[in-house]
Each structure stands twice: as structure tokens, then as C-alpha cells.
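Working notes, beginning with the structure itself.
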2 protein chains.
Amino acid sequence: MPKPTFFNLPPEKREAIEAQAIREFGENTFERASLSKIVENCGIAKGSMYQYFEDKLDLYLYIVELAYAEKRRYVERAYAVPGDIFQVLEAYYRESLRFALEHPALHKVANKFWESRGQHLDKTIDQVRASRASDFRAFLQDAMESGVVNGELDPEAVFFVYHAVGKALIDQFGEKVDSTFLCCVLDVLKYGLRARKGEPL
Amino acid sequence: MPKPTFFNLPPEKREAIEAQAIREFGENTFERASLSKIVENCGIAKGSMYQYFEDKLDLYLYIVELAYAEKRRYVERAYAVPGDIFQVLEAYYRESLRFALEHPALHKVANKFWESRGQHLDKTIDQVRASRASDFRAFLQDAMESGVVNGELDPEAVFFVYHAVGKALIDQFGEKVDSTFLCCVLDVLKYGLRARKGEPL
DNA sequence: CCTCTATGTGACCACCCAGTCATATCTGCA
DNA sequence: TGCAGATATGACTGGGTGGTCACATAGAGG
């Protein structure tokens, strides 16, 4: 958590610091990113940074939380979408793509987060990953029990595939992946998962 | 390329250097890996390393090539497998898994390669990636034209999915992924890709 | 005007890194 | 034995990093 001093700062200065940190942490993982470069680009002294934050990790976690707070504002709409798991997932990735296009810098921060190493970050990341995984697994299990997703498939394998493809999609939002490509990819998955009547496996 | 001096070394010394380098480059990306630690673990002087190799990158590329040369010995058998694209792909990943289990250290080097950055590595990696991608795309196109893979799907999307899942599989060989899990995952993909008669998309 | 507190500063520290080079040692040959 | 070329060495350089600290400044209240 930032120190109180940080929030006493004139907003324009605070936002300048956030902007430069977002830039640096969007272009580099935590350990590659350079605090020295951030303060240089802000035009403030190294020591000042330590009036605002405990250390590099404190600043980093604040910026990452900033990015994910904004991303949540987009993505949470997907949970309210009526329809089966395929419609919810499509909405999720669509909102995720909108976030990436409207906040490219924050999107890059969020992506680089998963590649970051060092300090206690490793464990933090593993925890976040595990928590998300368990949410998705439960969501998937419902869909399999209700018959929307082919129940003959190995649930762990289905999760594995979705996880891998989802990560690859998000990694490439705004590069290879646009709205129509997104649909094509999801279709490849869907028509592999959807329960098929009559035709045996 | 290593300097001639390196190959004049007594084999046990040469292999000790290779072993320590493999260890370091298996645990760290190129830029994180420390030459100082390698020489320390080998019990040789820093300067000696520069009698054998031009620089850190030279050593790294030698080690990576070592790893991929061994991996090729396994994987190339897959190309000779008779059968459709699914059988070839399964053979490919199966051999790949065998390599990972029998040469875990080399497997880690090969995996970390793709995450590595710095010097001219970025461009080299992009080239290798592009070359592999184009091979696989061609292989896939054949399979789609011959009707083994559902021709109604977007070829780029199919490639995208296979690429994402393939990378995730290889990343986790020996951890989450064993032989039976591999088959389950490939099945999820296959039954999404296989041409289906009668049933409309 | 003085004082007290909050904030700003940048030289400085300890650490790690890749890469260099003058020097020492070894080895094989004459 | 002596010489020459090949090989080994590790202190050293220059550059980067995160983090610290004694000091400078600013602003508010009496």
C-alpha cells in the first residue's frame, strides 16, 4: 500500500507518477522494470519515491491493482450475461478485448504481471492463478453437469485447453486478435466441447 | 560458435561446463542467467570462459542448440508415423514428452529459450517461431484440403488454438501433463476439429 | 518572525553483472 | 634444458540496480 503522503500529492503529480509507472511496468516484468527510469521520466528524485511507497514491490502491486480494478469494470458485465457457458465466455473475452483496446497501457501491465518474478511475487501470482482456476473449474463443472458441455470429456483437460487458449488470446489482443478472430477461435473450442447428439465419440 | 579451444578441452571438463551451463540456463532465461555463477559452479575462472566462447550469447546459443539437437532425435520419429494429422501430432507430443522425461534439464533449457530476451535474441527467436509456424500452417492446410480437418473452420484460428495448447502442454510436461492427460487434451482438440458428417455447424 | 512538521532531494552505498587484460602456468617439441 | 605457443587466471573496469540518509525546502500556526 502506498504511504499517506502519496495521496496528499497534487493530483496531476500523482497521475504523472502513475502514468510513468504504468508505462515502465507495461513494457517490462517486475524485475526488469527500473525504478531509476521511472523517477527519471517523472522528473522527481529517487528519494521521493520512497516517501510514497515502501519499496519497488509496493509500487508495483499498487499499479497492478490499478490495472485490474479497471479491467474488472469491463469484465464483470460478462457474469450478468444471460445464456449458456459459451455465451458468457464470449462476453468475457469480448469485454476483455474492449478493455485492451481502450486501455492498452493497463492491458500491458496486466499481461506482464503473470510473467513477473522476484521477492514474494511468485507466491502471490501462484495464489491468484489458483484462485481463478478454481472459479473457472467450478463454472465448467456446472456446465458439464447441466449437459451444455460434453460430459464425456476429461474436465481437467477441458480446463487446460480453455486456460491455454484464453491466455494466448488475451496476450495478443490488439495484435493478431480482433473481434472477428476472437469468435473464430471460440468457435473452434465450442464445437469441440458442445455436447453432440447422436454422433458417438 | 565456441572457439576451437573449447573442443580441445579434456572431455570431462568440457562436459562439466556444459552441465553447469545447462543447469543455469534451464533455471533462468538468458538475461537472468549469470555467467559468474556458471563459472563459480564449474570451479573455473571467468576469463577461461572467454577462451572458449565469444560472449554470454555465444555460450547460450551453443547450449540451446545442444538441447534442440537432442530433442530433434526424439521428435523426428513423429514425421515418419503413418496416419492422419491427428496421429502425427499425437506422436509428436508423445516423443516430446519422452524427451522431457528422459532429459529434464535439456527440456527446461528448450522451454526457457522462448522466454529469453536481450541482445539479438529477440529477432532470432521471432525467426525460429515464424519458421515453425509456417511449417505447421502448411501441414494443417494439407489436412484441411484433404478433409481430415473440418474445412469450414478458420485455418488461422485452428493454428492459433493448436499453437496455444501445444505450448501449454510442453511447458508442463512432467508436472501436470503425463501420457494419459496428453491424450485427453488432444482429444478435446481433435473432436473439435475433425470433419463431422451430416451435422451442420 | 520563529518553529515545527511534512515533503523533496541527489549523492551515496552495497551489490551484481558482463567482459578485459596483464600476468602466470602449462605442454610439447627441438 | 630451453623456448614458444596455447591456456588459465582473477583482479579490475564500467555500468546498472534498489534502497538510504543527512540535509534542504516549504508551509502552516502561533
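Everything quoted here is computed from the prediction, not taken from an experiment. In what follows, chains are A, B, ... by sequence order, proteins preceding strands, each numbered from 1.
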**Asked** If only atom types and distance count, is the side chain of Y68(B) paired as donor or acceptor with the main-chain N or O of A110(B) below 3.5 Å?
**Response** yes
**Message:** Please report the interatomic distance CG(D171(A)) to CG(N111(A)), rounded to the nearest 0.5 Å.
**Reply:** 5.0 Å
**Item:** salt bridge (charged side-chain N to carboxylate O under 4.0 Å, His left out) between K71(B) and E76(B), intermediate numbers included
**Value:** CA-CA 8 Å; K71(B) 178 162 183 172; E76(B) 66 191 4; over 6 Å; no
**Asked** Near K37(B) NZ, under 6.0 Å, is it more than 12 heavy atoms from other residues, nucleotides or ligands?
**Response** no
**Prompt:** Between D122(B) (side chain) and G118(B) (backbone), is there a donor-acceptor pair under 3.5 Å?
**Reply:** yes
**Item:** Between C1' of dG16(D) and CD of E31(B), the distance in whole Å
**Value:** 13 Å
**Expected output: side-chain D58(A) to main-chain M1(A) donor-acceptor under 3.5 Å** = yes
**Item:** Integer-rounded Å distance: dG18(D) C1' and E24(A) CD
**Value:** 13 Å
Between protein and nucleotides 12-16 of chain C, what N or O pairs are separated by less than 3.5 Å?
none

Atom pairs, protein N/O to nucleotides 24-26 of chain D N/O, distance under 3.5 Å:
none

**Complete:** Ranking S48(A) and S36(A) by the position along DNA chain D of their nearest nucleotide, the one closer to 5' is S36(A)
**Asked** Could you state the CD1-C1' distance from I38(A) to dG16(D), rounded to the nearest angstrom?
**Response** 15 Å
**Request:** Counting heavy atoms from C-beta on, name the nucleotide in dT7(D), dT9(C), dG19(D) closest to the side chain of L35(A).
**Result:** dG19(D)
**Donor-acceptor contact present, side-chain D84(A) to main-chain Q87(A), <3.5 Å** = yes
**Message:** Would the distance check show the side chain of S146(A) and the main-chain N or O of D142(A) forming a donor-acceptor pair, the cut-off being under 3.5 Å?
**Reply:** yes
**Integer-rounded Å distance: dT17(D) P and M49(A) CE** = 14 Å
**Asked** Cationic tip of K3(B) within the cone over Y52(B)'s six-membered ring, i.e. under 6.0 Å and within 45° of the normal?
**Response** no
**Item:** Proximity to DNA chain C (any heavy atom under 4.0 Å), residues of residues 50-62 of chain A only
**Value:** Q51(A), Y52(A)
**Request:** Describe the nucleic acid contact of K3(A) in one word from base, sugar-phosphate, nothing, applying a heavy-atom distance below 4.0 Å.
**Result:** nothing
**Item:** Cation-pi geometry met for R77(A) and Y74(A) (6.0 Å, 45°)
**Value:** yes
**Request:** Tell me whether the OP1 or OP2 atom of dA6(C) has a side-chain N or O from N8(A) closer than 4.0 Å.
**Result:** no
**Message:** With a 3.5 Å distance limit and no angle check, can you tell me whether K56(A) reaches the backbone of F30(A) through a side-chain donor-acceptor pair?
**Reply:** yes
**Request:** Compare the minimum distances between each of dG8(C), dG18(D), dT9(C) and the side chain of I44(A), then state the nucleotide with the smallest one.
**Result:** dT9(C)
**Message:** How many whole angstroms separate atom CZ of R32(B) from atom P of dG16(D)?
**Reply:** 21 Å
**Request:** Among the candidates dA8(D), dG19(C), dG18(D), find the nucleotide nearest to the side-chain atoms of Q119(B).
**Result:** dG19(C)
